[in-house]
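The structure under discussion appears below in the form of structure tokens.
A, B, ... follow the sequence lines: proteins, then strands. Residue 1 opens every chain.
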There are 2 protein chains.
Amino acid sequence: MKPRDEHKIEQIFQATLVLVKEKGLAGITMSEIASAAKIATGTLYIYFESKEKLINDLFTRCRKTSAETYFKGYHTEQPFKDGLKIVWLNLFDFRIEHFEEAVFMDQCYHSPYITESTKELTKKLIQPLYKLVERGMEEKLLKKMDAFMLLIFIFSGLNEFVKHSFYSERKISKSSKEELFNLMWDGIKASS
Amino acid sequence: MKPRDEHKIEQIFQATLVLVKEKGLAGITMSEIASAAKIATGTLYIYFESKEKLINDLFTRCRKTSAETYFKGYHTEQPFKDGLKIVWLNLFDFRIEHFEEAVFMDQCYHSPYITESTKELTKKLIQPLYKLVERGMEEKLLKKMDAFMLLIFIFSGLNEFVKHSFYSERKISKSSKEELFNLMWDGIKASS
DNA sequence: TCCATAAATGAATAATTATTCATTTATTTG
DNA sequence: CAAATAAATGAATAATTATTCATTTATGGA
């Protein structure tokens, strides 16, 4: 018996991500995905029973990958600001290296492919980030305010900065990350 | 001769925006749009020669509407911070009141419907915002730095805040706008 | 009031695209 | 090395959806 080529799943995922970045969820067809992944259309259906399943599985994988990355290198023993910066830079770098995934997930969020329960799960993944923000407030290092707003403020800048840098084909330098972090930090830090 | 009901265009646009918010660009069909707009499928084609034309026209209209709103009430005679706040709040309120349009435009950006030249035009619309940011730096009220980054930082928070508030079905209070503006301002103001 | 004209309709058609399937190919194992 | 099995293929089919069109309806002007 011929075994499955598990590497094909990755090929299919990559092809889908690239196509969605280029033409959006609305613009992709199963045969295009197949040909971009260098396989036959029928083969696609050996690995994914339907288009909906393919999109959902890819969405789930993207979500997991990004969540695993956030807290790499973060420990609660670190001073708060250092820890925050590590997480913040993790997210920044992840956005850069996985730009297609961010575009894909954004598009999925308003789409007929993703089920409500899949969306619900996504919300849970930001729980650890809430904890982080709350720690900062408890240590009186951050302004005392609504955690939801603070959380969004902390990460919104990097999201949009990466997005618009890609659109305008700008390089993102190491120093620009520092600068943006400082902008954000000056906003959130407790006034002394 | 029976005249055209120009009000129908608005019905069609509204129906499209609502549907795209609910199911995304990938999920809408011409017959769905027609029935949501309470007209026959064929009638749609009296007003728009194709789906692509409909999407493009709506995109163009959304872009214009939003650009017209930004600077309402802003005058260069105002102190910089007051002027910035007016523009910033205009954008914030626009995002709230026209949430569907923001979702629609986001989705269009990665789609086969919008042409490159349409995208190019969009970039030009932020020129006045650049001017505003540069004014702030010249008056030494803002940190001296890359205008592109500063611009994105200023407006990213409100964008994401409105988006996530809608997703989580949170009300946005008057005071939360003030708070978010202050977060942002503390980030960008020149350190004294 | 009636005619001319274009809008409005929605079923029919054309195009597109998801999915299936008969056939071929590759791999494992006995 | 041959049989057994499942992957791989891509043309054929089924579904879906954009678009058209013959017919009906509504409106302004003669």
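- A cation-pi geometry, defined here as NZ or CZ lying under 6.0 Å from the six-membered ring centre and within 45° of its normal, does not hold between Arg61(B) and Phe13(B).
- Using a 4.0 Å cut-off, some side-chain N or O of Tyr47(B) falls inside it from OP1 or OP2 of dA8(C).
- Nucleotide dA8(C) holds its P atom 8 Å from the CZ atom of Arg4(B), rounded to whole Å.
- Which of dA18(C), dA8(C), dA8(D) sits closest to the side chain of Lys51(A) comes down to dA18(C).
- Counting to the nearest Å, the C1' atom of dT17(D) and the OH atom of Tyr45(B) are 9 Å from each other.
- Shown here for Leu84(A) and Leu132(A), the closest heavy-atom pair between the two residues is CD1-CD2, 3.9 Å.
- At whole-Å resolution of the value, CD in Glu32(B) and P in dA18(D) are 9 Å apart.
- Judged purely by distance below 3.5 Å, without hydrogens or angles, the side chains of Thr69(A) and Ser66(A) never pair a donor atom with an acceptor atom.
- The distance from atom CD1 of Ile12(A) to atom C1' of dA8(D) is 12 Å, rounded to the nearest whole Å.
- Close placement of the Phe153(A) and Phe153(B) rings is indicated, their centers lying within 6.0 Å of each other.
- For the contact set between residues 15-28 of chain B and DNA chain C, defined by any heavy atom under 4.0 Å, there are no members.
- As judged by a 4.0 angstrom heavy-atom cut-off over every strand, Ile39(B) is placed among residues touching the sugar-phosphate backbone only.
- Residue contacts shown for Thr29(A) are limited to sugar-phosphate atoms, with no base heavy atom under 4.0 Å away.
- In this entry the distance linking CD1 of Ile55(B) with C1' of dA18(D) reads 13 Å, nearest Å.
- With rounding to whole Å, Ile33(A) atom CD1 is found 18 Å from dT9(D) atom C1'.
- As rounded to whole Å, 14 Å separates atom P of dA7(D) from atom CG of Leu44(A).
- If you check every strand for non-hydrogen atoms under 4.0 Å, Lys8(A) touches sugar and phosphate atoms only.
- OP1 or OP2 of dT9(D) has at least one side-chain nitrogen or oxygen of Thr43(A) nearer than 4.0 Å.
- Smallest separation of non-hydrogen atoms from Leu183(B) and Ile188(A): CD2-CA, 4.0 Å.
- Each of Ile46(B) and Met30(A) lies near DNA chain C, and the nucleotide nearest Ile46(B) is the one positioned closer to the 5' end.
- For the pair Lys38(B) NZ and dA7(C) P, the computed distance is 23 Å after rounding to whole Å.
- The nearest pair of heavy atoms linking Lys51(B) to Ile28(B) is NZ-O, 3.0 Å.
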Heteroatom pairs (N/O) under 3.5 angstrom, protein to nucleotides 27-30 of chain D:
residue: dT27(D); atom: O2; partner: Met1(B); partner atom: N; Å: 3.0
residue: dT27(D); atom: O2; partner: Met1(B); partner atom: O; Å: 3.4

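- The distance from the CG atom of Leu180(A) to the CH2 atom of Trp88(A) is 4.0 Å, given to the nearest 0.5 Å.
- Ring pair Phe181(A)/Phe92(A): centre-to-centre distance not below 6.0 Å.
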Step by step, work out the side-chain hydrogen bond (donor to acceptor under 3.5 Å, both in side chains) result for Thr115(A) and Thr118(A). CA-CA 5 Å; Thr115(A) 59; Thr118(A) 306; 2.7 Å; yes
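- When ring centroids are compared, Phe155(B) and His164(A) stay outside the 6.0 Å threshold.
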